[in-house]
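Below is one structure, written out as structure tokens; the observations come after it.
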Amino acid sequence: MSVSAEVLARAPLEKTEGEIETVSSHRPRGNIRPLSPMPDYVEHRNGVNEVGMLSAEAVVREYEAAVKEIEALGTELQLAAKNCEVMVAGVHDMIAEIKEFAAGYRDQGKRFFLQIEAVSLMTTEVRDTCEALKKKIATDTLTR
């Protein structure tokens, strides 16, 4: 007699039935999903037995579920790409505004540069005029 046969022979039948009930009651029932129709791209061949048909259907359904998730990922990526395109367009608009602002700022810097040089030239001219006037006054005072 084998070891498993000895264990079963020694175990009371009621306990074994209780264990079977306990084991079967812990089965997660939420994981079982209803069967969806088979995809259009497959059909059973003639002569395949029921086990082969059911196994092939189970496998193709799992693949189809994975394909649907992959396609959903593709849809999400398309949405993300559209959002990126909108963002890039916004960035290009912002860059154009920045270039316009920088050009205005550059023009303002040039205007201040020219004003400062104009004031500097005027100050030099006033100083030269004052020096000339001082000399003239000094010369007129000495000649009198």
Side-chain angles (χ1 to χ4, degrees), residues 2-4 6-8 10-12 14-144:
S2 70
V3 175
S4 58
E6 284 181 38
V7 171
L8 288 175
R10 281 189 274 150
E14 293 171 17
K15 188 174 183 183
T16 307
E17 286 177 2
E19 287 175 356
I20 292 170
E21 213 173 278
T22 305
V23 169
S24 66
S25 66
H26 289 299
R27 224 179 189 185
R29 299 200 186 271
N31 291 345
I32 301 172
R33 57 180 176 223
L35 292 179
S36 57
M38 277 198 347
D40 297 339
Y41 56 87
V42 293
E43 69 180 53
H44 292 294
R45 294 182 192 175
N46 291 333
V48 177
N49 66 21
E50 187 177 358
V51 172
M53 290 171 68
L54 291 174
S55 298
E57 284 181 26
V59 168
V60 80
R61 281 192 177 101
E62 286 301 314
Y63 271 86
E64 189 61 26
V67 165
K68 290 192 190 287
E69 290 181 28
I70 291 168
E71 289 172 340
L73 178 62
T75 303
E76 287 180 34
L77 286 174
Q78 284 177 333
L79 179 61
K82 285 181 183 178
N83 290 340
C84 286
E85 289 170 1
V86 168
M87 189 183 308
V88 167
V91 167
H92 287 302
D93 291 344
M94 184 66 77
I95 289 170
E97 287 180 31
I98 287 171
K99 285 181 179 180
E100 186 178 324
F101 180 77
Y105 212 69
R106 185 172 282 123
D107 288 344
Q108 188 176 8
K110 182 179 178 181
R111 191 174 63 242
F112 285 140
F113 175 86
L114 293 174
Q115 284 179 345
I116 290 170
E117 283 197 344
V119 168
S120 178
L121 287 173
M122 189 184 317
T123 304
T124 302
E125 189 179 333
V126 167
R127 206 176 297 130
D128 290 345
T129 304
C130 288
E131 279 297 317
L133 189 59
K134 277 188 205 175
K135 286 180 184 176
K136 185 176 179 184
I137 292 173
T139 316
D140 283 349
T141 310
L142 290 177
T143 53
R144 282 190 193 184

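Please read all numbers here as calculations on a predicted model, not as lab measurements.
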Checklist entry - Where do V67 and E71 land on the side chain to side chain contact (heavy atoms under 4.5 Å, CB included) test, with the steps shown first? => result CA-CA 6 Å; V67 165; E71 289 172 340; 3.8 Å; yes
Next on the checklist: Evaluate V126 against C130 for side chain to side chain contact (heavy atoms under 4.5 Å, CB included), listing each step before the verdict.
Outcome noted: CA-CA 6 Å; V126 167; C130 288; 4.1 Å; yes
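The CG atom of L73 lies 8.0 Å from the CD1 atom of I70; values are rounded to the nearest 0.5 Å. Note: K110 NZ to L114 CG = 6.5 Å, rounded to the nearest 0.5 Å. Of the inter-residue distances, the one linking E117 atom CD with Q115 atom CD reads 11.5 Å to the nearest 0.5 angstrom.
Here side chain to side chain donor-acceptor pair (under 3.5 Å) pairs that include residues 84-105, with residues two or more places apart or in two chains, number zero. The list of side chain to side chain donor-acceptor pair (under 3.5 Å) pairs with a residue in residues 39-49, not counting sequence neighbours, reads Y41-E64, H44-E57. Residues in residues 118-129 take part in no side chain to side chain donor-acceptor pair (under 3.5 Å) pair, two or more places apart or across chains.
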